[in-house]
Amino acid sequence: MNFIGTGLRELGLKVRRQRTRMTLRHVRRLLKRSEISLGREGTAQASSFPEVRNEIVALKKLEHEQKEVALRIAQIEEALKKIDAERKENSKAQNDAIAALEAQKKPVLQRRDEARAAASVCDRELSSVESRLQSNDAADREILRQLATLQALAPPPDDLEAQSSALASKRVRLPEQRAEISRAREGSAEACRVAKHKLGRAEEELSTADKNISRVREEFTAKDRLLNEQARAQNDALKEARAQHQTVEERKDPAYLNIGRHLGTQGIAPPNAPHLLHDVVRNRQAVERHLAHKEELRLLSEQIDKQHLRKFYFSIASILVLLAIILPLVFQTSPRRAWLPAETDAILSLNTERFEKDDFAKRFRAEEFWKTTWPALLGAAAETPRLALPAESSRLTRGLVSSDSSPVREFDLLETRKDVSPLVRVISDDKAFEQRVISGLPVWQRADFSVARIGPRTLAVGLAAGVDELVRVRLGMTPDLQLSGPLFDRFEALDSDTALRLISRDPPGLARAFHPIFSREFLDRVSIIGLGLALENPIKARVILRAASADAASSLADDIKNEPQRWLHLEQSDLNLFVQPPEISRDKENIELRFNMPDNSARLLLQRIARTDSPSGMTAAQ
């Protein structure tokens, strides 16, 4: 196994060489910065050395170019200040001009409002006169109609002359009233004409004032837009000049670097900054030290046995290949609730957390019905020692296998909220339990109860035969219920947050596992049936069905829609499962029903699943 130590040593050397390379890059950057700083401050001292004369000449040219750029930057900044002052002055002038025009507009606006009010009054008066004139004409027509009616009467009334005289006297006064009303209309019409003329002139003056304000605002806006464009152009020029200034400054770095290196080699420091020479010397020593260390590491790597190194690399590659094969298999391990035998016909899942929180359990917890039904629903899990149900559990999954020739077999998986290690230690120390081992997995057993840990928070509980079968399924010794099978697919379609889920791929066989729930006629028409209950207020139920074909599913859905009382009722009772007709949806051969369930139906349903209802139901099931 020497090749393992050799490989680990080589890996350590590789890590150290990488760290040395990273440190060397950093130290070289520090050395370059310190040499540039030394050259920048020591240019005057380097002027006497002919070796760096070219660098000094190049620096003078670059500094001259920088001065020109700096002058251009100053001119642009001055132009920007002038533009800013013009913009402020333009804004102030605009505000003053608009304020003056608004002051001139105010009396015009007042006159327009007064003329509009006068015109409105005149219109109302003219309308009143017109209505009076129409009333006069209507009165005249009414008197004529009454006179014609009197003359047409046969025999004529005794006071015909008196009535005719009264109507004639009324009609005589109408022309005088009409003439008076006509003169009033002419006067109102003239007053309206004058008022409308004044209103038109006032509106023209107001329109002229608005146009003047708009014209002045547009003139100042155009000027402000021009100033903004000039400022934008100057800003672009300023940005370009500053970029050029920075570029020239960066072009000076190679010259400063050569001068700084020469001064560092000669050991000359500028009088105003002697510490810069010490920085250059210290960084040069650091670079030399790291280069020497890098060379030492390279020599150590060359001394390593290459044959051992190849063995080490081959071993690592083999391990990685094995992990690539094993890890996908590990991640494809079935969920805890799927650790059931392949022959499982029905699954009953109780979400104990929801049972504890939902309104149904809270309302009936003190009643005798709940005290007998709840332990029966838990089954063998209720006998788990040192475990408070439902406070310390999260889910109970009961798998059922039923057949005509043998009694019902049950497999119980209990999921806890915390790790079961403390509980397992308590059980292992309990003298009432005997321990035995199945392929390395311990099982504890007493007279009529067995328990085994098959997951971090999962226990297999129940009779010895059922627990042993679950252990063999978990170890892969016995086929399990496939996740891709139709039964588990439909089981997953039910909401996992509901309090109770029940599904069966042998619907007629439900009568062997539980007391009757659905009618035999209903169960014979489906191949898979599932029920989910949310015990809230109101109780919500969801039923999923799978028929033999799409046509059979369509026919069943139509029958349920037309006669829900026939198909959705508790067998051997008068209780319907629904409060209102269910919502029905169909997808090919799958049917889904949603409805609210009455409290009394839910109580009897839970009792029949727990087998705690009346003996008649039990007899019928048998």
Please step through side chain to side chain contact (heavy atoms under 4.5 Å, CB included) for the pair Ile73 and Leu238, ending with a clear verdict. CA-CA 6 Å; Ile73 290 174; Leu238 179 62; 3.6 Å; yes

The test is side chain to side chain contact (heavy atoms under 4.5 Å, CB included); show your working for Arg215 and Phe220 and say whether it passes. CA-CA 9 Å; Arg215 177 179 53 79; Phe220 282 102; over 6 Å; no

With a 4.0 Å cut-off on N to O distance, would you call [X] and [Y] a salt bridge?
X	Y	answer
Glu589	Arg546	yes
Arg193	Glu190	yes
Glu302	Arg298	yes
Lys14	Glu10	yes
Arg40	Asp253	yes
Asp84	Lys81	no
Glu114	Lys198	no
Glu392	Lys418	no
Lys92	Asp96	yes
Glu142	Arg145	yes
Arg586	Glu592	no
Arg242	Glu77	yes

Without swapping roles, check the side chain of [X] against the backbone of [Y] for a donor-acceptor pair under 3.5 Å.
X	Y	answer
His64	Lys60	no
Arg457	Arg417	yes
Arg365	Glu356	yes
Ser207	Glu203	no
Ser182	Arg178	yes

Looking only at side chains, do [X] and [Y] share a donor and an acceptor under 3.5 Å apart?
X	Y	value
Asn537	Arg363	no
Arg19	Thr23	no
Ser34	Arg282	no
Arg395	Ser349	yes
Thr416	Ser393	no
Gln244	Arg72	yes

Residue [X] excluded, over 12 heavy atoms near [atom1] under 6.0 Å:
X	atom1	value
Gln580	CD	no
Gln266	CD	yes
Arg9	CZ	no
Glu250	CD	yes

Under the salt bridge (Lys or Arg N to Asp or Glu O under 4.0 Å) test, which residues partner Asp140, sequence neighbours left out? Arg171

Stepwise, does the side chain to side chain contact (heavy atoms under 4.5 Å, CB included) test hold for Lys252 with Leu59? CA-CA 6 Å; Lys252 293 163 65 176; Leu59 283 174; 3.8 Å; yes

Applied to residues 228-282, the ring-ring contact (aromatic ring centres under 6.0 Å, His included) test, sequence neighbours excluded, yields Phe49-His262

Go through the steps to decide whether Arg594 and Lys540 satisfy the test side chain to side chain contact (heavy atoms under 4.5 Å, CB included), and finish with yes or no. CA-CA 8 Å; Arg594 291 179 182 268; Lys540 298 182 182 299; over 6 Å; no

With sequence neighbours left out, the residues meeting side-chain contact (heavy atoms from CB on, under 4.5 Å) with Glu229 are Arg225, Leu226, Arg232

